[in-house]
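Notes to accompany the following structure.
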Amino acid sequence: MKFGDIEWLGGRFAEYGPAARAATGILLKHNGWDWYYLKSRSDLEEALHRAIPNHETVAWGGDEAVLSISEWLDPAKAVTLGRLFLTTVDLRHALRIRIAREVWEWESTQNAPEVVRADLALALSNTAIFYDWPLNRKPRRVNVNRPDGKIVVASPSASPSESIGSALAEAIGESIFESSSEKADIVVASSMSELLASNVTANVVIVVEDNPLAIIEKLDIIRVEKAARCVVRVSPRNAREWMGSFGSFWRDSFVPIDKAVEFANRSQGVEAELVAGNQTFIHQSQNYLSQQYPEILPRTGGFVRASPPQVLPDVSFFDFDGEREVTRAPPPSKRMLDATVYQGRRRVRDLPPSGQIRIDVLIKPKTPSSKAVPDFPDELIDWQTDTRLLQVHMVELDRTVSTKEVSLPRRGASNLIEFEYEVVPQKDLDLRFMVCDGTQILQTARLLAKPQSKITLAFEADFTSLEKERKSFDLALLVNDSLGGRPSATVLSSDGIQITAFDTGEIGTMRAIASDLLETVVTNPEISLRDALMQLANVGSDLLEVIRAQIGVWPSDLERIQLMTKDNAFFPLEFLYDGIVPKDPRAPLCPNFKSCLRSAEPHKRCGTRQDAEVLCPMGFMGLRTVIERKVWSEGPQGAIWLKESLELSARHQIGRIGQIAFAASDIADEFGDDDALPSGLTLARIQSIVDELAPRLENWEEWEDAVVDENFSMGILIAHIDNTTVFIGADHQRNRARLEFGTVPVAILLGCKSAVGAIPSLSLPAKIMRKGSTRVVVAALTDILGRHANTAALYLGKRIRDAASGAVAVTLGEFILELRRELLADEVATGLILVALGDADIVLGG
């Protein structure tokens, strides 16, 4: 792997690239990304000094982003770090780097451990670099029986004359060389195959091998089968002479094993390296050849530690004169949710067949190596202090919800929290982790795995609030068919969290009844608004009663709700009725309902409503409660209409509606001239839309020409939909699969169940937004009468056009809520089934 240091730092400073990566890996491993925000040389120097412990063996790793450092680190800062590291190396002669275990798991770089070591060796002696073992194991210890206190050196070779191990035994002096010993202090093998074929176990394993990968790939086997505490690789050239020098230096110079390797290399001109080892053993290794038993060695070495580096004067970063500009990614200021699974002390990537697993969860800085993972929404947190306590709920169907608190600072990583979970044999793993700030859902992710297959963390949706001001939720409700593949609702309130299955029992039955009834009252031309609302109130009241009985954490009063549904799945939250249904089924609507619905602040509670002599429409949740509808979907990208929500000033603004493409089926006008709403409002015809908004396009060819014209910014389509065929005009047909809305940002699509589909991702709104650049689709949840479709389209077209040119910015959610009230005040029941699907960051006007 080439790091491109010349392109990054310029030819004059490219030599500091490896040293900059060395320093960065140390800082990342020591304290995350805090160093990134330091401004002065002295602060960086102090941070690097603090990161190196007194024993001067420092861990290197922290984040795979260190290997793509040129993409995000300022060149001047990089050169400063490089210089500081090289100065540290000069002053701390005992400095050694331990490449941390996590580097073995870095997947974006092929042979990452070897690449890292080769790069670090450009900034520090290769003999001062070693690997941590690939896996966290606790192997058996080798208790060597030292005859007369003599060191036992073994070799699988046939005889001392054939083994270079005998040269090491001779150099050590007070030692015994054995070719058949099963336990030894040191084993010397002439190749990896010879070592692996032998039965010998030893504290120190020395292998004569030219290819480093041959040993690296077998380190875990060496650790487990050979009980090694330290592994050294020696090049075959002059290996016997090297063994003599190595043994003499280690015995006579009283130095740790890595220094003995370094001195022998210099003496014989041979390439040898300390490959891996236990840090404690390496520290104690200068005493290992003494005649006392290794288990009673002192805990720390006796070598003299170099004096700490001098603190240099605080100066600004030097002027950098790089040879060319390099475009860099933004700094790693974003964070991400992460979950890692362990069984015992071993990390597992596949779901074990049974037993208990531990799931470690934390929020950590996000770097360029984690581009596919969604950002954690820090901007939603109500930062009252420098640290915020958040709740992480582990949710699974048919199991008790487990909740832990995580402490998240304004910057850097949170503390790590642990969840215990018992694996059920032959059952899929399907858990949801919900990160919440009180009753506000910040982010959710699912931990998924088939039995004995790969475990994945799949992020669901962005739960960003659409409100201009951030307020806490009274309730957060997640409705989907995700966990266990079953429809369910996860309810989060100030009283706790609960998950309830919706595919069986009363809630599922009532949900189906509400869906059917909603379609009935909207498509029946003879039913009055009073009758429609009375029927819906009865079902909505019963459904709410069942929900409250099954979901004990449901609040008694709600002002703001966050509702998540999978794609455009139906859940009748707007039609839950918590008012008092009149005893008399013939009771009229409240005489003040129209003025109440049209007022800026509709009445939520009044004496008339409590008396229940009349039916109050304000008892419906959808007419008085702010409901933030979101769409749940699997995968890091989420549904096609889900984007990261922004402040109003940064959202996509529709400030003007230009030309409007309008087409309709003749069927929409098939009603009598004497048909009217009870309110006396005249039902709109196709010509009404033509007169107010746009000329009618007569066929599909005219429609398709218009919607690709950049001068058209809204499309209104009142279509007759018959299975897979869409009709406009007298009888102009198109297959659903070929329906186009081109480049218009706003689409109004009214037809039979235009907002839903048997397969949600193939619904018409999903197809329209996936195929073009349309941002918002307003559509119908149920079948819709043509006479009502015309009226609703006229209302929508005028209101969207006027809102877009207004001085005050209006979010889509606010607009639909106001429109629903207005339509009901005019006794247009169609307002109940209109939904807006689109970019949550759209604003109209402003």
Side-chain angles (χ1 to χ4, degrees), residues 126-131 133 139 142 144 150-160 162-173 175-219 221-223 225-251 253 255-268 270-278 281-282 284-286 288-289 294:
N126 185 45
T127 57
I129 305 166
F130 67 99
Y131 298 113
W133 302 102
V142 180
V144 184
K150 293 181 179 181
I151 300 295
V152 178
V153 180
S155 176
S157 298
S159 66
E162 297 176 1
S163 171
I164 58 174
S166 60
L168 176 61
E170 291 173 6
I172 292 175
S175 64
I176 297 174
F177 178 79
E178 298 181 358
S179 59
S180 59
S181 176
E182 293 187 358
K183 289 185 178 182
D185 290 294
I186 306 168
V187 60
V188 180
S190 60
S191 67
M192 273 299 300
S193 57
E194 182 183 77
L195 174 69
L196 296 178
S198 71
N199 295 322
V200 67
T201 57
N203 287 304
V204 179
V205 171
I206 301 177
V207 184
V208 179
E209 179 63 60
D210 248 338
N211 181 14
L213 278 177
I215 297 179
I216 290 174
E217 292 171 351
K218 302 295 184 180
L219 273 180
I221 296 176
I222 296 173
R223 170 82 159 144
E225 295 185 2
K226 305 306 174 186
R229 298 168 70 187
C230 183
V231 179
V232 176
R233 182 186 70 85
V234 184
S235 176
R237 186 177 65 86
N238 294 335
R240 177 176 287 275
E241 291 77 6
W242 184 90
M243 289 292 173
S245 296
F246 168 69
S248 298
F249 283 122
W250 194 7
R251 179 198 63 195
S253 300
V255 293
I257 188 170
D258 58 319
K259 285 296 182 183
V261 171
E262 178 186 354
F263 295 161
N265 287 359
R266 292 178 184 175
S267 172
Q268 300 298 326
V270 172
E271 176 192 340
E273 62 187 8
L274 179 66
V275 182
N278 298 11
F281 177 82
I282 293 172
Q284 298 174 356
S285 61
Q286 64 197 62
Y288 188 70
L289 298 185

To the nearest 0.5 Å, how far apart are [atom1] in [X] and [atom2] in [Y]?
X	Y	atom1	atom2	value
Asn203	Ser285	CG	OG	11.5 Å
Lys226	Leu195	NZ	CG	5.5 Å
Trp242	Arg237	CH2	CZ	13.5 Å
Phe130	Ile282	CZ	CD1	3.5 Å
Arg223	Arg229	CZ	CZ	9.0 Å
Ile186	Cys230	CD1	SG	9.5 Å

Kindly give the heavy-atom pair with the smallest separation between [X] and [Y], and that separation in Å.
X	Y	value
Trp250	Val255	CD1-O, 3.3 Å
Val153	Gly165	CG1-O, 3.8 Å
Gly247	Leu168	CA-CD1, 3.6 Å
Phe177	Ala169	CB-CB, 3.9 Å
Ala227	Val142	CB-CG2, 3.4 Å

Aromatic contact, Phe263 with Phe246 (centres under 6.0 Å) =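 No.
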Checking [X] side chain against [Y] main chain: does a donor-acceptor pair fall under 3.5 Å?
X	Y	result
Ser191	Glu194	yes
Ser155	Val188	yes
Thr201	Glu182	yes
Arg251	Ile172	yes
Thr127	Val261	no
Asp185	Val152	yes
Ser267	Ala264	no

Does the side chain of Val187 come within less than 4.5 Å of Pro156's, by heavy atoms?
->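 Touching, per the 4.5 Å side-chain cut-off.
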Side chain to side chain, Val275 and Leu219, heavy atoms closer than 4.5 Å |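 Sidechains of Leu219 and Val275: in contact.
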Can Leu196 and Ile221 be said to form a side chain to side chain contact (heavy atoms under 4.5 Å, CB included), step by step?
-> CA-CA 8 Å; Leu196 296 178; Ile221 296 176; 3.9 Å; yes
What pairs with Lys259 under salt bridge (charged side-chain N to carboxylate O under 4.0 Å, His left out), at least two apart in sequence or on another chain?
->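 For Lys259, the residues satisfying salt bridge (charged side-chain N to carboxylate O under 4.0 Å, His left out) (neighbours in sequence not counted) are Glu262.
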Whether Phe281 and Tyr288 hold their rings parallel, tilted or perpendicular, with breakpoints at 30° and 60° =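 Ring orientation, 0 to 90° scale: perpendicular.
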Stepwise side chain to side chain contact (heavy atoms under 4.5 Å, CB included) test for Val231 and Tyr131 | CA-CA 10 Å; Val231 179; Tyr131 298 113; over 6 Å; no
Result block: side-chain N/O donor-acceptor pairs under 3.5 angstrom for residues 204-214, not counting sequence neighbours:
unit_1 : atom_1 : unit_2 : atom_2 : d
Glu209 : OE2    : Asn211 : N      : 3.3
Asp210 : OD1    : Ser235 : OG     : 3.4
Asn211 : OD1    : Leu213 : N      : 3.1

Under 3.5 Å side-chain donor-acceptor pair for Asn126 and Glu273 =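 Note: Asn126 and Glu273 side chains meet the donor-acceptor criterion.
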